[in-house]
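Presented below is the structure to which this report refers.
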Amino acid sequence: MPDFRIGDTDFELDGQPFRVLAGALHYFRVHPEQWADRIHKAKLMGLNTIETYVPWNLHEPNPGHFDLTGRLDLERFLQLIADAGMYAIVRPGPYICAEWDNGGLPAWLFRDEAVGVRRFEPLYMAEVERYFDRVLPIVERAQITNGGPVILVQIENEYGAYGDDKQYLEALVALNRAHGITVPLTTIDQPTDEMLANGSLPGLHKTGSFGSRAIERLATLRRHQPTGPLMCAEFWNGWFDFWGSHHHTTPAAEAARELDELLATGASVNLYMFHGGTNFGFTNGANDKGVYQPTVTSYDYDAPLDEAGNPGPKFWAFRDVIAKYAPVPDEVPDAATPAPAFRAPADAVVPFWQVASALGESIPHRSIPTFDQVEHYTGFGVYCTEIDFRGTGRAPVLSIGEVRDRALVYLNRQPVGVLSRDNHDRAIGLPFEALGTLEILVEDQGRVNYGHRIGEDKGLIGPVTIDGHAHERWELQPLGLDDLSPVSEAFARSAAPDPEASAIAGPAFVRATVELDAPTDLFLDTTTLGKGVAWVNGFNLGRYWRRGPQNTLYVPASTLKPGANEIVLFELHAIPDATLTFVSAADLGHTEF
Ligand code: GLA
């Protein structure tokens, strides 16, 4: 049987020194029909290993509802890596960070305040054990010693940036070992003495995460990992974007120089990311270090392979660097070809309020609940109450403890205004002597994935007052947007939009039909839209927002079919011209310079 171990100076594969040249590729950010293509292209750049996290919350969105199929078929992903003749690194968390909703931790874990997340606390450890019971057998079977590709497994993720509970790390190690994980276990930390000391255990192989100044960072790592190979297990060759920021890019030549400096030391590497992919659906995370910054839908990351799987400048620059140190295949990937550019008129529009009641059940509450309190963990919800300020001579003020994350306020279905977490909005004036039904459509824009705000409740956080008084008797309707059949039925009943009056006021569902001879990647121009969510043939492409920087949504060829394809938008604000525009290439927005 093949054997992979950590020697005194090197990783060793079957007794021979082996340099890990890995690239991160998250199966959950790539359409499953495209996995093999992306893996193959990693090999063409000269990589010998694919690294992936495992997102617990996507596999188990509700307690006990575990999914390992389709886009979550980790076993198949690992098999494709093996089929490509490559090795694999698996990072099952339980926490993964990764600009992923809640850093991969299921929101339901936080319902019980007694659960001590990311530390040695029995309730939390019991849930971790249940999760590992499902995932680790897949990793166990795929280990190199069992004929599979897996050579390394990581414990936790940058734990030293969060805590120092060694008993917790020991328990994770014990669970991995108990599940038959025999390959070497690693930890990763940002290269500071404190984080490296807090985030690891004797006996685990320590690695670093950084994107520059390799010699200095490896020297720090060496102080904590006196023997064995040095590894940058996240070489940050790009970066992510958040709504309202610029699109982060780095010159390929500069990134290649940093990679060269790293490889010249003899170190092993995992490029973070080789191919970033897409935060489809409502899976993006967020940061909040004083200002809430939700990550955009694209996870292009300015990586060597772009979001659509095409080689960018870093692919060629990195291939040249890697070729100095390791054999690189002669075969090269095809360059990107322009996607078809065309326009598709909206052919059906349904006001949101017309279908709202079919999208979920309203639950009455005395005082206002959060989404989490009604076990709604993602997407949108509608709060509703009756108000009567007749005869007061005043415009009442709606005041909310905290908005997580964006609230559209309506009185009798007329828009009043928006409260936004990233503006720290807390209060809004309602119309003079307001009377009638107050409805608040709230969007969870993605849970924080780093630091101590992970696990926060979403929705409206109390106290909620109107005109200075606690307001009771609310209803909360979680919106179920996984199944759009009520919307499809409403489209079928709707009259075709008037081409003369082509503007669409949101919130509304909008449909357009795209005829294709053959499936091909498309890029939906979102600069002509407001803010919302887009689906193609029922597949949730993710959020769009005029705010940018992201100006297009990636539509993978594998979500399309020959003939008619249905595009659906849930537009919250307004579309001035009810025609969808598809453009020839991705536009991820303005850069800093
Ligand atoms: C850290 C984390 C990753 C990711 C990067 C930034 O290194 O370990 O999961 O969040 O930061 O992209």
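Each ligand, and each atom within it, is numbered from 1 in the order the structure gives. The shown structure was predicted, so the numbers you read here are calculated from the model rather than taken from an experiment. Every heavy atom of this structure was used, including side-chain atoms; hydrogens, water molecules and symmetry mates were not.
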- Applying a strict 4.0 Å limit to heavy atoms, is Trp100 in contact with ligand 1? no
- Item | Contacting atoms of ligand 1, where contact means under 4.0 angstrom from a heavy atom of Ile96 | 9 (O)
- Message: I'd like to check whether Asn157 has a polar contact with ligand 1, where a contact means an N/O of the residue lying under 3.5 Å from an N/O of the ligand.
- Response: yes
- Gln293-Asn287 side chain donor-acceptor pair, cut-off 3.5 Å: no
- Do the side-chain N and O atoms of Asn57 and Trp100 include a donor-acceptor pair separated by under 3.5 angstrom? yes
- Item | side chain to side chain donor-acceptor pair (under 3.5 Å) partners of residues 170-181, not counting sequence neighbours, each pair once | Asp133-His179
- Task: If you have a sec, work out which protein heavy atom is nearest atom 7 (O) of ligand 1 and how many Å separate them, to one decimal?
- Result: Glu234 OE1, 2.3 Å
- Arg118 charged N/C atom sitting above Tyr95 aromatic ring, 6.0 Å / 45°: yes
- Message: For Trp545, does the six-membered ring have the charged nitrogen or CZ of Arg547 within the cation-pi criterion, i.e. under 6.0 angstrom from the centroid and within 45° of the normal?
- Response: yes
- What are the atoms of ligand 1, with element, lying closer than 4.0 Å to any heavy atom of Trp239? 6 (C)
- Message: Among all protein heavy atoms in this structure, tell me which lies nearest to atom 10 (O) of ligand 1, with the distance rounded to 0.1 Å.
- Response: Glu99 OE2, 2.6 Å
- Message: For atom 12 (O) of ligand 1, what's the nearest protein heavy-atom neighbour? Residue, atom name and distance, please.
- Response: Tyr301 OH, 2.5 Å
- Would you mind listing which atoms of ligand 1 come within a distance below 4.0 Å of any non-hydrogen atom of Glu158? 1 (C), 2 (C), 7 (O), 8 (O)
- Atoms of ligand 1 close to Tyr53 [distance to a heavy atom under 4.0 angstrom, numbered from 1]: 2 (C), 3 (C), 8 (O), 9 (O)
- Task: Report, as yes or no, whether the 6.0 Å neighbourhood of atom CZ on Arg71 holds more than 12 heavy atoms from other residues, nucleotides or ligands.
- Result: yes
- Query: Does Trp236 have its ring centroid less than 6.0 Å away from the ring centroid of Tyr301?
  - Reply: no
- Query: Can you check whether Thr559 reaches His31 side chain to side chain, under 4.5 Å on heavy atoms?
  - Reply: yes
- Query: Which of the atoms of ligand 1 are close to Phe240, meaning less than 4.0 Å from one of its heavy atoms?
  - Reply: 6 (C), 12 (O)
- Item | Close N or O approach (Ala98, ligand 1; < 3.5 Å) | yes
- Just heavy atoms, cut-off under 4.0 Å: does Tyr450 contact ligand 1 by side chain, backbone, both, or neither? neither
